[in-house]
Protein chains: 2
Amino acid sequence: MEEYKSKKVLTISVVSELTYLSERQIRYYEERKLIFPERTKGGTRRYSFDDIEKLIEIAQKVEKGIQTFDIRQEEKKKERENEWHRKMLQGQLNAQFGYKR
Amino acid sequence: MEEYKSKKVLTISVVSELTYLSERQIRYYEERKLIFPERTKGGTRRYSFDDIEKLIEIAQKVEKGIQTFDIRQEEKKKERENEWHRKMLQGQLNAQFGYKR
DNA sequence: CGTGTAAGGAATTCTGACACG
DNA sequence: CGTGTAAGGAATTCTGACACG
């Protein structure tokens, strides 16, 4: 449904306007592996609305004094937890209904 | 809520990809007063997701052989009808509850 | 009428680097 | 570490025009 938000369609200038961050900051957060824009054939970045939300969160943390490295670690931890929950749920289902074959 | 769709944030190249229309066609439909992108200070166009939907409708009509002039007339007619309904509703409300003062 | 295209210029974006603190 | 900035080049976009049918 709301694929708008995850579609990579925004230029860095638009993202800069919407987040009030400088293009330098946006590119730096990418360098630190916090966001992952796509690229056109020509090499220009393309962001999504989800990226904008994420950038705003990042900016708030940076303002609090949290370092990008730690933000990255936290992010990775969340991913691992999600992975764990996903597997857990899958295990539950398999236990109850068995594997498809 | 869904302000995403009306926000003018897309470049013409992205719109071209999403609509499968050429940039030439997109600019031409603007020339014919069918769509109204915003402009940056520098003069580059900015479109919304709503514009994309509108462009797809336009393209379908053009394929059917309808001329842009007629599409424009139909569009204006709709606007007048909406205006009429709006005033009608307002009149109903005023008749029941009187004017604010 | 609707669309393609080559042309020349301007706006936008990119990278790597130096600076500061 | 996080961010600003000047530098040079490449990608993107713009307009007005000519072409075709």
Side-chain angles (χ1 to χ4, degrees), chain A residues 7-49 51-77, chain B residues 7-49 51-77:
Chain A
K7 217 150 200 174
K8 304 278 189 173
V9 291
L10 308 172
T11 58
I12 197 165
S13 61
V14 168
V15 174
S16 176
E17 288 173 27
L18 266 41
T19 59
Y20 301 103
L21 295 174
S22 69
E23 300 188 1
R24 179 68 165 98
Q25 289 174 302
I26 298 168
R27 294 197 189 98
Y28 180 67
Y29 298 153
E30 176 185 357
E31 190 182 322
R32 300 316 310 276
K33 309 281 188 193
L34 296 177
I35 46 172
F36 308 92
E38 289 182 357
R39 299 274 184 151
T40 64
K41 299 87 197 161
T44 65
R45 277 166 264 246
R46 290 282 183 269
Y47 302 85
S48 66
F49 280 102
D51 287 331
I52 288 184
E53 292 181 18
K54 199 179 284 189
L55 278 168
I56 291 173
E57 288 176 26
I58 293 168
Q60 288 171 341
K61 290 178 185 172
V62 171
E63 279 177 46
K64 281 189 193 170
I66 305 177
Q67 295 193 190
T68 56
F69 179 84
D70 295 326
I71 299 176
R72 171 89 173 111
Q73 295 308 309
E74 210 177 305
E75 210 62 38
K76 289 171 93 170
K77 190 181 164 191
Chain B
K7 216 151 202 175
K8 304 279 189 173
V9 291
L10 308 173
T11 59
I12 196 166
S13 61
V14 168
V15 173
S16 176
E17 287 172 28
L18 266 41
T19 60
Y20 301 101
L21 295 173
S22 68
E23 301 189 2
R24 180 68 166 98
Q25 289 174 302
I26 298 168
R27 293 196 189 98
Y28 180 68
Y29 299 152
E30 175 184 359
E31 190 183 321
R32 302 316 310 274
K33 310 281 186 191
L34 295 178
I35 47 171
F36 308 93
E38 290 182 355
R39 298 274 185 150
T40 63
K41 301 85 198 163
T44 64
R45 277 167 262 247
R46 288 284 183 266
Y47 302 83
S48 67
F49 281 102
D51 288 330
I52 288 184
E53 292 181 17
K54 198 179 284 186
L55 278 168
I56 291 173
E57 288 177 26
I58 294 168
Q60 288 171 341
K61 290 177 184 173
V62 171
E63 278 177 46
K64 280 189 193 168
I66 306 178
Q67 295 192 191
T68 57
F69 179 84
D70 296 324
I71 299 176
R72 170 92 173 107
Q73 296 308 310
E74 210 179 305
E75 210 62 38
K76 288 170 93 170
K77 191 182 166 193

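Per chain, numbering begins at 1; letters A, B, ... match sequence-line order.
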Hey, are the side chains of [X] and [Y] touching, using non-hydrogen atoms and a 4.5 Å cut-off?
X	Y	result
A:Tyr20	A:Ile56	no
B:Phe49	B:Leu18	yes
B:Leu10	B:Arg46	no
A:Val15	A:Asp51	no

Subject >> B:Glu74 with B:Lys61: basic N within carboxylate O range, under 4.0 Å >> reply: yes
Original post:
Using 4.0 Å as the upper bound for N to carboxylate O, is an ion pair formed by A:Glu30 and A:Arg39?
Top reply: yes
Subject >> B:Val14 vs B:Tyr47, side chain to side chain contact (heavy atoms under 4.5 Å, CB included): CA-CA, chis, key distance, verdict >> reply: CA-CA 9 Å; B:Val14 168; B:Tyr47 302 83; over 6 Å; no
Original post:
To the nearest Å, how far apart are A:Leu21 CG and D:dT3 P?
Top reply: 8 Å
**OP:** Before giving the answer on side chain to side chain contact (heavy atoms under 4.5 Å, CB included), spell out for B:Ser48 and B:Val9 the whole-Å C-alpha distance, their side-chain angles and the decisive distance to 0.1 Å.
**Re:** CA-CA 6 Å; B:Ser48 67; B:Val9 291; over 6 Å; no
**OP:** Might you work through the salt bridge (charged side-chain N to carboxylate O under 4.0 Å, His left out) test for A:Arg27 and A:Glu23, ending with a clear yes or no?
**Re:** CA-CA 6 Å; A:Arg27 294 197 189 98; A:Glu23 300 188 1; 3.2 Å; yes
Original post:
For DNA chain D, what residues of residues 54-62 of chain B have any heavy atom nearer than 4.0 Å?
Top reply: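 None, since no heavy atom is under 4.0 Å.
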Original post:
Think B:Tyr29 has a side-chain N or O under 4.0 angstrom from the OP1 or OP2 of C:dG2?
Top reply: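 So the side chain of B:Tyr29 is outside the cut-off, no N or O lying under 4.0 Å from OP1 or OP2 of C:dG2.
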Subject >> Under-4.0 Å side-chain N/O to phosphate OP1/OP2 contact, A:Tyr28 with D:dG2 >> reply: yes
Subject >> Per-nucleotide protein contact string for nucleotides 12-18 of chain C, where B marks a base within reach and S marks sugar-phosphate only (heavy atoms under 4.0 Å, - for neither) >> reply: SSSB-B-
**OP:** Please work out the stems of DNA chain C from pairs that are Watson-Crick or G-U wobble with both distances under 3.5 Å, keeping only runs of three or more consecutive pairs.
**Re:** C:1-5 with D:17-21, C:17-21 with D:1-5
Original post:
Between the side chain of B:Glu57 and the main-chain N/O of B:Lys54, is any donor-acceptor distance below 3.5 Å?
Top reply: no
